[in-house]
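To start, the structure under review is shown below, and the notes come after it.
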Amino acid sequence: MDITITEEQTNALLAHLNGIYAIVGYAQGKAQSYDARREQIKIINIEELRKQEQATQEGNALTTPQEGQMKIFIPGVSMNSKPRKDGRFQGYVIRNGEKRYFYANEKDALEEKIRRYLLEVDSSTKKTEQQKKFPKFGEYVEKWLRLYKAPNLKPTSMESIRNTVRAALKRFSQKRITSITSDDLQEMLLEDVNGGNMRKRCLVTLNQIFKKAYNQGVIKRNPCDAVELAAYKSKKKTALTLSEQETFLSETTETKYSLLYRFTLATGLRVGEALALLKSDIDFEKHTVTVSKNVVFVNGERIDQACPKTDAANRTVPIPDPLCAEIKKLEGELIFPFTYNSVRIATEKTAKELKIKVSMHILRHTYATRLEEAGIPPKIKQYLMGHASLRMTQDVYTDTQNEYVNSVSDQIRAIFTPKTP
């Protein structure tokens with residue numbers, strides 16, 4: 001069937017086709033790469049422009065009439081081959097999804113404008129990419145704590161980690177993690193961190209941080225590998241002698257912490273374990289206490305934890321009958337309604353007055369020593385102390401007091417004295 005198309009319909013159809021071509025040409029321009037390099041922009045010059053003009057067919061079907069006059073030399077960059085009606089040359093640059101036009105009276109001037117813009121944009125892009133790839137030390141530490149530590153550690157452990165790297169954060173927080181050297185860490189540890197034990201702990205934590213950054217490809221080497229610190233030997237904890245123990249208990253009888261002191265000396269519980277105790281944890285018939293929880297104080301806030309320090313800390317410990325009877329008479333469910341800080345301050349004050357080195361931890365240490373002096377088997381001591389390893393019980397928490405040795409000296413001598421016929 002013959003179809004007659006008028007000239008008006010033909011023009012309308014061509015107009016629609018031009019619109020479609022314009023959309024396709026714009027989409028094609030959007031798909032071009034946005035990463036122009038400095039050396040690539042150097043190929044834009046007048047002679048090349050003329051060569052491109054001769055080699056290009058007129059009326060490209062994928063561009064609008066205006067864009068048909070523009071010659072693309074590098075991805076995302078175009079320049080007019082001819083001046084506009086107003087005599088100016090036009091060009092555009094597509095970067096980061098945006099199209100920006102440039103105008104100049106001369107082609108050289110237009111090239112220079114585009115070149116400067118590309119250098120500026122590419123430099124800014126590289127800087128942004130570098131910031132994402134090479135974060136500041138403070139930013140990386142916070143991310144490391146949030147992703148790898150917080151889900152697995154208790155609040156007290158998190159607070160301890162923050163304390164160990166406080167000096168490093170103060171010095172390097174705004175510094176790129178890639179720019180921190182071994183010398184930087186060495187100087188920080190020697191100048192900003194006091195005490196051999198704290199230096200050791202700080203280095204251990206920093207090594208974990210930088211090792212993670214190395215494994216993720218953020219840094220090329222771990223600066224902690226070249227740091228050198230003097231070997232630190234922990235100070236041996238000293239328990240109270242029998243006479244010091246008696247003096248301490250006697251002088252604190254009238255204080256509100258008396259029961260806590262006597263309870264700790266008789267059970268060896270950690271201060272957090274003792275402060276978490278409820279009457280329901282005491283078996284008043286068997287005279288025992290079941291340790292199954294702990295309490296910590298972070299920034300003055302009490303945090304009750306469902307489990308003690310380690311799995312081995314879950315245990316049942318015997319209590320002397322008089323203490324058990326005294327606890328039974330207490331009002332309220334919480335046995336020791338104190339904060340850790342109030343107990344620490346009171347104990348330090350008493351220690352200063354009596355000139356005795358004593359703390360809640362030393363009271364626990366004294367319990368272990370009394371067990372040793374009584375001949376309690378090592379594995380039983382380990383259980384009562386709630387230690388995961390016997391080595392901790394034997395090497396750290398047990399003393400053989402001179403006072404005790406003197407009291408059994410005659411017995412020891414008798415063992416090795418030859419019998420007379």
Please report the interatomic distance OH(Y140) to OG(S173), rounded to the nearest 0.5 Å. 15.0 Å
Just so I know, are the side chains of E142 and R162 near enough to count as touching, which here means a heavy-atom distance under 4.5 Å? yes
In Å and rounded to the nearest 0.5 Å, what is the CZ to OG1 distance from R315 to T288? 12.5 Å
List the atom of L384, the atom of P318, and the distance in Å for their closest heavy-atom pair. CD2-CD, 3.9 Å
In short, S359 meets T347 closest at the heavy-atom pair CA-CG2, 3.8 Å
State, with a plain yes or no, whether a side-chain heavy atom of L363 is found less than 4.5 Å away from one of F248. yes
Run E112 and R116 through salt bridge (Lys or Arg N to Asp or Glu O under 4.0 Å) and show every step you take. CA-CA 6 Å; E112 181 63 18; R116 289 182 177 276; 2.8 Å; yes
If I take atom CD1 from residue I362 and atom CD from residue Q245, how far apart are they, to the nearest 0.5 angstrom? 12.5 Å
Parallel, tilted or perpendicular, as decided by the 30° and 60° cut-offs, for the rings of Y101 and Y103: parallel
So do the side chains of K286 and T316 get within less than 4.5 Å of each other, counting heavy atoms only? no
Between S160 and N163, do the side chains contain an N or O donor and an N or O acceptor separated by less than 3.5 Å? no
In terms of ring plane angle, is the pair F172 and F137 parallel, tilted or perpendicular, where the classes change at 30° and 60°? perpendicular
Donor-acceptor check, side chain of N80 to backbone of G91, threshold 3.5 angstrom: yes or no? no
Compare every heavy atom of L259 with every heavy atom of L323, then report the nearest pair and how far apart it is. CD2-CD1, 3.6 Å
Any sub-3.5 Å donor-acceptor pair from T164's side-chain atoms to R201's backbone N or O? no
If you apply the rule side chain to side chain contact (heavy atoms under 4.5 Å, CB included), what do you find for Y214 with K220, and how did you get there? CA-CA 6 Å; Y214 172 78; K220 294 183 179 180; 5.8 Å; no
For a 4.5 angstrom cut-off between non-hydrogen side-chain atoms, does R262 reach E326? yes
Stepwise side-chain hydrogen bond (donor to acceptor under 3.5 Å, both in side chains) test for T252 and T255: CA-CA 5 Å; T252 57; T255 70; 4.9 Å; no
Shortest non-hydrogen contact from V218 toward T178: O-CG2, 3.4 Å
Can you list the residues that meet the side chain to side chain donor-acceptor pair (under 3.5 Å) rule with E246, with sequence neighbours excluded? none
Under the side chain to side chain contact (heavy atoms under 4.5 Å, CB included) criterion, do W144 and T205 qualify, and how do the steps go? CA-CA 11 Å; W144 175 76; T205 303; 4.1 Å; yes
Any chance you could lay out the side chain to side chain contact (heavy atoms under 4.5 Å, CB included) test for I335 and L278, step after step, and finish with the verdict? CA-CA 6 Å; I335 298 177; L278 304 175; 5.7 Å; no
For E333, I'd like to know if atom CD has over 12 heavy atoms of other residues, nucleotides or ligands within 6.0 Å. yes
Would you say that more than 12 heavy atoms from the other residues, nucleotides or ligands in this model lie under 6.0 Å from the OH of Y257, or not? yes
Just wondering, more than 12 heavy atoms not from N194 lying within 6.0 Å of its CG? no
Any side-chain donor paired with an acceptor under 3.5 Å for Q382 and K379? yes
Could you check whether R344 pairs with E348 (Lys NZ or Arg NE/NH1/NH2 to Asp/Glu carboxylate O, under 4.0 Å)? yes
To the nearest 0.5 Å, how far apart are NZ in K99 and OG in S78? 7.5 Å
Should we say atom NZ of K175 is surrounded by more than 12 heavy atoms from elsewhere, each under 6.0 Å from it? yes
If you draw the axis of the six-membered ring of F284, does the NZ or CZ of K328 fall within 45° of it and under 6.0 Å from the ring centre? yes
For the residue pair I161 and K149, establish whether any side-chain heavy-atom pair is separated by less than 4.5 Å. yes
Residues in side chain to side chain contact (heavy atoms under 4.5 Å, CB included) contact with R199, at least two apart in sequence or another chain: L190, V193, L229
State, yes or no, whether a side-chain contact exists between D108 and E111 at a heavy-atom distance under 4.5 Å. yes
To the nearest 0.5 Å, atom NZ of K211 lies from atom CG of D225 at 9.5 Å
May I ask you to check whether over 12 heavy atoms, not counting those of E191, lie within 6.0 Å of atom CD? yes
Looking only at heavy atoms, the pair that brings Y367 and G268 closest together is CD2-CA, 3.3 Å
Can you find a pair of side-chain heavy atoms, one from V271 and one from T264, that are under 4.5 Å apart? no
Trace of the salt bridge (Lys or Arg N to Asp or Glu O under 4.0 Å) decision for R171 with D192: CA-CA 9 Å; R171 182 176 282 218; D192 302 348; 2.9 Å; yes
Under the side-chain hydrogen bond (donor to acceptor under 3.5 Å, both in side chains) criterion, do T290 and S292 qualify, and how do the steps go? CA-CA 6 Å; T290 298; S292 60; over 6 Å; no
Determine, stepwise, if the pair F263 / L269 fulfils side chain to side chain contact (heavy atoms under 4.5 Å, CB included). CA-CA 8 Å; F263 182 86; L269 266 64; 3.9 Å; yes
Spacing of M360 atom CE and H365 atom NE2 [to the nearest 0.5 Å]: 15.0 Å
Once side chain to side chain donor-acceptor pair (under 3.5 Å) is applied, do any residues pair with Y148, and if so which ones, sequence neighbours excluded? Q216
Over all heavy atoms of both residues, which pair between C202 and M188 is shortest? Give the atoms and the distance, please. SG-CE, 4.2 Å
Can you confirm whether E244 sits close enough to V358 that some side-chain heavy atom of one is under 4.5 Å from a side-chain heavy atom of the other? no
Test item: D184 side-chain N/O and T181 main-chain N/O as donor-acceptor pair under 3.5 Å: yes
